[in-house]
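Reviewing the structure listed below.
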Amino acid sequence: MNKKVPAGAVQDATAGPYSPVLEVRANTLVVISGQVAVDLEGNVVGETIEEQTRATLENCRLQLATAGCDFNDVFKVSVFLADMQDWSRFNDVYVALMPDPKPVRTTIGCVLYPGFLVEIEMWAAKPA
C-alpha cells in the first residue's frame, strides 16, 4: 500500500470521513483537475447532491484509471460544495465509495458554475 495513517494520528469526534494525516510512498504522482457531474456531451448529470456526487466520483475514477490509478491510490481530495448544508449527504456517498484509509481532505463551500452542486479534485500516488 502506498499510504498509511501514522501511529498516534488522531482527530476530533466531529471530523468527517477523512484521515487527519497520511504517510505516502510515491515515485509518481497523479493529479486530476476538478471534476463535476457532467457527461462527455457536457450535460449535467443528476439533480441531487447524492446523484451529482456519484457522477462526479465516477468521473474522478475514470480520469485516475487513464493513469493506472484507482481510489486506493488517492491520498488527497479537495471538495467544493455549492451548499455546505449538503455536507452530510455528500459524506454518505463518499464513505460508500472511498476505501480506507480515507484520503486527507479539505471541503470548501463556494460558488460553482450554475447547475453544479459539487466539484472534486484528487491527488494519487501511482503504484510501482
Side-chain angles (χ1 to χ4, degrees):
M1 176 178 285
N2 291 333
K3 63 183 181 178
K4 70 175 185 172
V5 177
V10 296
Q11 60 189 9
D12 67 88
T14 63
Y18 47 82
S19 297
V21 60
L22 284 176
E23 293 179 4
V24 179
R25 180 175 298 146
N27 292 325
T28 304
L29 296 179
V30 174
V31 182
I32 63 170
S33 61
Q35 300 294 304
V36 292
V38 65
D39 63 21
L40 291 177
E41 287 77 42
N43 302 304
V44 177
V45 177
E47 296 179 8
T48 67
I49 188 63
E50 293 87 354
E51 292 167 337
Q52 285 202 12
T53 299
R54 281 185 199 90
T56 301
L57 286 170
E58 176 59 14
N59 286 342
C60 291
R61 188 191 66 73
L62 291 170
Q63 293 297 337
L64 290 167
T66 66
C69 293
D70 62 30
F71 288 153
N72 289 300
D73 305 311
V74 174
F75 64 89
K76 170 67 172 121
V77 176
S78 297
V79 178
F80 305 91
L81 291 177
D83 184 348
M84 287 301 289
Q85 296 298 316
D86 288 335
W87 163 268
S88 294
R89 293 168 54 204
F90 168 83
N91 282 334
D92 289 343
V93 176
Y94 184 86
V95 165
L97 297 176
M98 292 301 294
D100 289 327
K102 300 282 188 273
V104 298
R105 192 179 94 189
T106 301
T107 303
I108 300 168
C110 65
V111 176
L112 294 175
Y113 195 79
F116 295 110
L117 304 176
V118 61
E119 183 171 339
I120 301 172
E121 97 177 356
M122 294 181 172
W123 290 62
K126 188 172 183 171

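Every heavy atom of this structure was used, including side-chain atoms; hydrogens, water molecules and symmetry mates were not.
- Hydrophobic clustering of Ile, Leu, Val, Met, Phe, Trp and Tyr side chains at less than 4.5 Å, counting indirect connections, unites V77 with L81.
- Taken together through direct or relayed side-chain contacts under 4.5 Å among Ile, Leu, Val, Met, Phe, Trp and Tyr, Y113 and V111 form parts of separate hydrophobic clusters.
- Judged as a side chain to side chain donor-acceptor pair (under 3.5 Å), and not counting sequence neighbours, N27 has no contacts.
- Within the model, atoms CG of N72 and CG of D100 stand 10.0 Å from one another, a figure rounded to the nearest 0.5 Å.
- Put simply, the side chain of Q63 does not reach to within 4.5 Å of the side chain of S33, judged on heavy atoms.
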Show, in sequence, the C-alpha distance, side-chain angles and deciding distance for R105 and V79, and conclude whether the side-chain contact (heavy atoms from CB on, under 4.5 Å) test is met. CA-CA 7 Å; R105 192 179 94 189; V79 178; 3.8 Å; yes
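- Atom-to-atom distance recorded for K102:NZ and N91:CG is 10.0 Å, nearest 0.5 angstrom.
- To the nearest 0.5 Å, atoms CG (L117) and CD (E51) are separated by 9.5 Å.
- Residues A9 and V21 share a closest heavy-atom pair of CB-CG1, 3.5 Å.
- Side chain of N59 to main chain of V38: a donor-acceptor pair is present (N/O by atom type, distance under 3.5 Å, no hydrogens or angles).
- When the side chains of ILVMFWY residues are joined at heavy-atom separations under 4.5 Å, either directly or via intervening members, W123 and V24 end up in a single hydrophobic cluster.
- Counting all heavy atoms, side chain and backbone alike, P127 lies closest to G68 at CD-O, 3.8 Å.
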Please walk me through it: do L64 and D73 pass side-chain contact (heavy atoms from CB on, under 4.5 Å)? CA-CA 9 Å; L64 290 167; D73 305 311; over 6 Å; no
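- To the nearest 0.5 angstrom, Q35 atom CD is 10.5 Å from L57 atom CG.
- Grouping the Ile, Leu, Val, Met, Phe, Trp and Tyr side chains by contacts below 4.5 angstrom, directly or via other members, places V118 with L97.
- Applying the ring-ring contact (aromatic ring centres under 6.0 Å, His included) rule to pairs touching residues 46-92 yields F90-Y94, sequence neighbours excluded.
- Under a 3.5 Å cut-off, the side chain of E121 and the backbone N or O of S78 do not form any donor-acceptor pair.
- With hydrogens and angles ignored, the 3.5 Å screen pairs no side-chain donor or acceptor of K126 with any backbone N or O of V30.
- Here the closest non-hydrogen pair linking V74 and P103 is O-CG, 3.5 Å.
- Annotation: the span from R89 atom CZ to Q52 atom CD amounts to 11.0 Å, rounded to 0.5 Å.
- Other residues, nucleotides and ligands place no more than 12 heavy atoms under 6.0 Å from the CD atom of E47.
- Under a hydrophobic clustering in which Ile, Leu, Val, Met, Phe, Trp and Tyr are joined whenever their side-chain heavy atoms come within less than 4.5 Å, directly or via other members, I120 and L112 fall into different clusters.
- Rounding to the nearest 0.5 angstrom, the gap separating the CE atom in M84 from the OG1 atom in T107 is 6.0 Å.
- Partners of S19 by side chain to side chain donor-acceptor pair (under 3.5 Å), not counting sequence neighbours: none found.
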